[in-house]
Amino acid sequence: MKQRSYALLAAATGTVLALTACSSGGSSGSGSGGGEPVTDGTFKLALVADPGALNPLMTAASPAHQLARLSYDYLLHPDPDTGVTKPWLAEKWEETTTSASFTIRDGVTCTDGSALTAQTVADNVNFITNAANKSALRGVYAPATASATADPATRTVTVTTPEPSPFLLLNLARIPIMCEAGLKDPTAANKTTFGSGMFQMTEAVANDHYSYVRRDGYNWGPDGTTSDTAGVPKNVVASIITNNSTAANQVLSGDLNAAAVSGPDQDRMNAANLDTVKQPAPAGEMFFNHSPGNPTSDPAVRKALVQALNLDDLAEIFTAGRGTRSTTMVSIEPRACIYDSVAGNLPDFDTSAAAATLESAGWKVGADGKRSKDGTPLRIRMVYETFGDATDAAADVAVNAWNDLGATIELTSGDSNKILDVALSGKDNTAWDVVWEPINVALPSMLVPFLSGPVPAAGMNFASISNPAYDAAVTKASGLTGEDACAAWADAESEIIKANSAVPFADKITTLYFNNAGLAFGRNFIGSALRLYQ
């Protein structure tokens with residue numbers, strides 16, 4: 001079990017179930033494209049949406065944070081292949097459950113020529129945690145109660161929290177570090193860049209494109225990357241292309257060097273034998289309502305409903321053959337911890353066993369073939385977010401399986417707003433029994449408010465789960481760091497799976513495709529990782 005660092009935004013609010021993720025990965029290769037490095041070329045990539053305001057300390061928008069990686073640096077760099085955390089702005093670091101310290105590399109400069117120092121890093125953290133600034137990263141990247149101090153003599157910044165903060169070091173390592181000019185004028189940072197990264201923005205045309213130029217003298221990138229490294233482009237142009245097929249066409253024609261492509265367009269992209277980087281993300285997650293009086297508050301009902309489903313087939317149908325079975329509820333890559341909380345913790349697919357489970361719990365079959373217990377029919381109200389024909393087909397498979405089991409199924413589908421209104425609004429927490437809706441997180445600690453604590457509208461525990469074993473494991477995990485923390489968080493998540501309270505069953509796959517281009521490291525469009533080839 002490895003602890004892994006990451007660069008991922010996951011913001012949770014009381015009105016949002018599916019968390020915003022601004023990166024993910026899982027590489028099948030990001031090589032040279034078969035050619036020699038290009039000198040002073042232009043790297044052209046696609047974004048699926050306009051970023052809007054650009055200040056990465058003030059927004060949770062995924063496109064804005066994707067662009068930020070071109071021109072802002074981070075404290076640490078994760079190696080998604082080895083799980084090793086490597087230096088970037090910080091040359092060394094330490095952590096406890098309530099503190100993290102970073103020694104900042106000497107000689108780093110900002111786009112205006114000023115030095116980026118330990119004080120600058122401390123100012124970033126304190127800017128975020130200052131409630132008056134209304135940073136979207138407060139409580140997400142930096143705990144709301146955190147404070148930072150700097151020691152100029154040792155180039156060290158120390159961040160402390162009054163209470164243990166799970167994954168404090170890794171959260172802080174996700175902050176795109178802004179230079180002092182941007183901190184002093186946050187509004188100006190909505191229109192241009194104030195970073196220390198490889199590229200500086202030169203043009204911003206909303207809903208069309210964003211242009212960047214390489215900075216001379218940049219020599220502090222991950223893995224020793226400098227502005228003179230072979231294949232590093234001189235210019236980068238990020239174009240807003242909202243249509244998936246259009247982006248695919250432009251990569252195949254060479255008008256783009258890179259784009260994320262999903263769905264049926266992947267078939268022709270794969271046929272072109274392009275270099276790729278895989279990006280898995282949660283797609284199929286099934287939650288059972290524990291509210292007293294709901295049939296799924298009965299552990300036997302939850303178990304039987306899972307036993308009645310062939311989850312391998314369900315994942316295949318749900319993702320239209322372009323996904324995989326989930327192994328954890330924390331599927332956004334690169335993850336902080338690598339573990340499998342699913343294997344061995346779910347009942348096997350067995351329709352006869354499912355029927356026996358219900359029979360032994362008192363859910364008897366009547367003359368009409370439907371089950372009831374003490375006069376109460378086994379009526380299951382399932383709601384799910386539809387992502388297209390494949391999702392609908394998977395829901396039909398589940399309905400048919402549960403009908404065969406003797407349950408009466410009421411099916412409701414809709415967009416995310418409709419499903420979230422049912423599950424998280426707090427209007428009626430008993431109004432559903434089964435919901436399919438993914439929660440996108442990179443840290444197991446981010447799941448806690450969804451799997452324990454207050455129910456909507458007071459909290460986010462939409463399935464009304466009460467699991468003392470999970471709560472105890474969370475308490476233990478929250479007081480640990482490193483490998484020990486990952487093992488404890490795996491134990492905690494396993495308690496939820498074993499109770500059949502939540503069942504992650506399908507991960508979707510989005511792929512980054514590269515034409516005469518690639519990434520030297522990582523699995524995101526990091527400025528200093530971009531390479532062009534003949």
Side-chain angles (χ1 to χ4, degrees), residues 5-7 56-57 68-79 82 84-96 99-129 137 141-142 146-160 168-185 189 192-201 212-232 234 520-522 524 526-530:
S5 179
Y6 53 90
L57 302 188
R69 293 192 188 90
L70 299 176
S71 49
Y72 292 88
D73 288 328
Y74 298 77
L75 290 168
L76 303 173
H77 165 65
D79 186 323
T82 65
V84 175
T85 301
K86 297 182 177 181
W88 195 341
L89 290 178
E91 58 186 15
K92 58 182 179 179
W93 52 92
E94 296 179 351
E95 69 170 323
T96 71
S99 69
S101 63
F102 305 86
T103 301
I104 305 304
R105 186 192 302 268
D106 195 17
V108 177
T109 61
C110 298
T111 52
D112 61 4
S114 63
L116 190 146
T117 66
Q119 187 61 57
T120 303
V121 174
D123 290 344
N124 272 259
V125 175
N126 292 330
F127 178 92
I128 292 169
T129 59
L137 308 190
Y141 286 7
S147 61
T149 58
D151 183 346
T154 61
R155 293 181 279 111
T156 299
V157 55
T158 300
V159 181
T160 59
L168 175 62
L169 180 127
L170 298 182
N171 273 312
L172 296 170
R174 293 187 295 158
I175 296 173
I177 299 300
M178 183 171 289
C179 296
E180 291 291 347
L183 295 174
K184 292 177 180 178
D185 191 351
T192 188
T193 55
F194 294 92
S196 62
M198 176 73 79
F199 295 95
Q200 179 178 3
M201 182 177 287
Y212 299 78
V213 65
R214 185 181 65 213
R215 297 177 58 204
D216 292 334
Y218 181 96
N219 63 3
W220 50 86
D223 293 347
T225 304
T226 76
S227 53
D228 296 323
T229 297
V232 171
K234 182 176 182 179
F521 53 83
N524 298 291
I526 298 171
S528 49
L530 302 182

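With T158 contributing its side chain and S101 its backbone, the two residues share no donor-acceptor pair below 3.5 Å. Side chain of D151 to main chain of T156: no donor-acceptor pair is present (N/O by atom type, distance under 3.5 Å, no hydrogens or angles). Side chain of R215 to main chain of G197: a donor-acceptor pair is present (N/O by atom type, distance under 3.5 Å, no hydrogens or angles). Side-chain atoms of T193 come within 3.5 Å of backbone atoms of M201 as a donor-acceptor pair (strictly under, hydrogens ignored). With hydrogens and angles disregarded, no donor-acceptor distance shorter than 3.5 Å links the side chain of Y141 to the backbone of V125.
Tested against L116 for a side chain to side chain contact (heavy atoms under 4.5 Å, CB included), the candidates T109, I177, N124 yield a single pass: I177.
By the 4.5 Å heavy-atom criterion applied to side chains, R174 and L170 are not counted as neighbours. Side-chain contact between F102 and L169: present, with at least one pair of heavy atoms (C-beta onward) separated by less than 4.5 Å.
Nearest heavy-atom pair, T120 versus E180, reported as atom, atom and distance to 0.1 Å: CA-OE2, 3.2 Å. Shown here for M198 and G527, the closest heavy-atom pair between the two residues is CB-C, 4.1 Å. In terms of heavy atoms, S227 sits closest to G217 at OG-N, 3.2 Å. The two atoms that bring W93 and T85 nearest to each other are CZ2-O, 3.4 Å, heavy atoms only. Of all heavy-atom pairs between S196 and V108, the closest is CB-CG1, 3.8 Å. Between P176 and L57, the closest heavy-atom pair is O-CD2, 3.6 Å.
Ring geometry for Y74 versus W88: interplanar angle of 30 to 60°, hence tilted.
For E94, there are no salt bridge (charged side-chain N to carboxylate O under 4.0 Å, His left out) partners two or more places apart in sequence or in a different chain. Residues passing the ring pair (Phe, Tyr, Trp, His ring centres under 6.0 Å) test with Y218, sequence neighbours excluded: W220. Checked against salt bridge (charged side-chain N to carboxylate O under 4.0 Å, His left out), R214 has the following partners two or more places apart in sequence or in another chain: D40.
R105 CZ to L75 CG: the interatomic distance, rounded to the nearest 0.5 Å, is 11.5 Å. If you take CZ on F521 and CG on L530, they are separated by 8.5 Å, rounding to the nearest 0.5 Å. Separation of atoms CE (M178) and OG (S71) is listed at 9.0 Å; rounding is to 0.5 Å. We find the CG-CG distance between L172 and L76 to be 9.0 Å, quoted to the nearest 0.5 Å. The SG atom of C110 sits 10.5 Å away from the CD atom of Q200 when rounded to the nearest 0.5 Å. Taken to the nearest 0.5 Å, the OG1 atom of T117 stands 11.0 Å off from the CZ atom of R155.
In summary, the side chains of T226 and D228 do not present any donor paired with an acceptor at a separation below 3.5 Å, with no hydrogens or angles considered.
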